[in-house]
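Report on the structure given below.
Order of listing sets the numbers, starting from 1, for every ligand and every atom in it. Predicted, not measured: the structure shown is a model, and the values here were computed from it.
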Amino acid sequence: MSTEMERVTKNVFTNTKLRGCNPSFVVTSDGVVVIDTPQLPTKAVEMRSLAETHGDIRYLVNTEHHIDHIFGNYFFRGAGKVIHHQGVYDNFMTVTPDLDPFAYAAEAIPTDDPDGAEIFPDRDTYYQDPNKGDIVFTGDVTLHVGDHTVELIHTPGHTPGQLAVYLPEERVVFTGDTIFSECQTWLMTSDVDQWLAALDRIGELDVDSIVPGHGPVTDKSYLEVQRSNLLEWKDAVANAVAMGWSREETIEKVNFADRYPVDIGQGYMMDHIQTLNAASLYDKLTAGS
Ligand SMILES: [Zn+2]
């Protein structure tokens with residue numbers, strides 16, 4: 001598991017080789033903007049140190065509220081202002097019937113970051129200051145940081161507060177999990193129709209590189225691959241409903257496990273992903289009947 005950052009452009013760095021999301025930062029003439037944080041504690045501390053060698057951290061933006069994009073914020077306390085869409089802020093580290101995010105972060109430590117155990121906070125300490133948004137917005141926001149424009153574009157679908165972070169001067173966009181590049185798509189509680197519209201919006205941007213939420217850096221051609229993956233899931237479950245299959249039958253028979261691996265370190269979640277994807281679509285498609 002490498003902690004080396006990949007240089008996407010002169011000023012844009014990411015790491016697609018960690019368990020968790022693809023944490024990234026952009027170096028401007030007036031400090032650093034961090035986009036998502038490493039889930040694993042030692043990696044979060046390392047990335048903060050590395051980012052700070054390029055200047056003070058001015059802002060930290062999270063592209064979504066899922067644990068793999070936000071847990072590392074704790075290790076960035078005191079490093080610039082945290083900017084959240086209202087939808088990220090409202091769902092930040094909230095325990096749901098499906099998932100206790102703190103427990104999920106803790107579960108990764110023995111296998112994926114044993115050295116992180118020493119700096120892993122207990123639950124009470126963590127929740128006292130998880131480093132949640134200082135600045136919270138709805139709609140879109142544009143930041144001017146040094147010579148860089150940083151456009152925070154609301155692209156809901158995968159999650160309600162989903163953001164794309166567009167850097168026109170670098171011709172790069174960070175999409176969070178609106179794009180799962182060459183790995184399994186987690187639908188969870190997403191809204192697939194909104195998600196398809198989000199792909200359209202990202203398609204309008206003038207970029208050479210897309211830094212996805214998971215998997216290798218890609219380009220705009222992958223928007224159509226992601227679209228196709230979403231449509232295939234939706235069509236397959238719609239077909240199951242039309243066939244009169246039960247929820248259980250649908251979960252059993254609709255499965256795209258052979259399509260892609262799960263992103264790094266989470267292979268054991270494959271059945272969980274297939275089950276939740278099919279179940280959540282089934283519930284949505286049958287909600288009106
Ligand atoms: Zn993610």
#### Entry: Near-ring test Phe71/Tyr126, centroid separation under 6.0 angstrom
yes

### Donor-acceptor contact below 3.5 Å, side chain Asn91 vs main chain Gly87
yes

### Message
Closer than 2.8 Å to the Zn ion (ligand 1): does that hold for any N, O or S atom in His69?
### Response
yes

### Task
Kindly confirm whether the Zn ion (ligand 1) is within less than 2.8 Å of some N/O/S atom in Cys21?
no

### Query
Glu169 and side chain to side chain donor-acceptor pair (under 3.5 Å): which partner among Asn11, Thr9, Thr149?
Thr149

### Query
Looking at Asp68, which of its N, O or S atoms is the nearest one to the Zn ion (ligand 1)?
OD2

#### Entry: Minimum-distance atom from the Zn ion (ligand 1) among N, O or S atoms of Asp177
OD2

### Task
Give a yes/no verdict on a cation-pi contact between Arg123 and Tyr127, requiring under 6.0 Å between NZ or CZ and the six-membered ring centre and an angle within 45° of the axis.
no

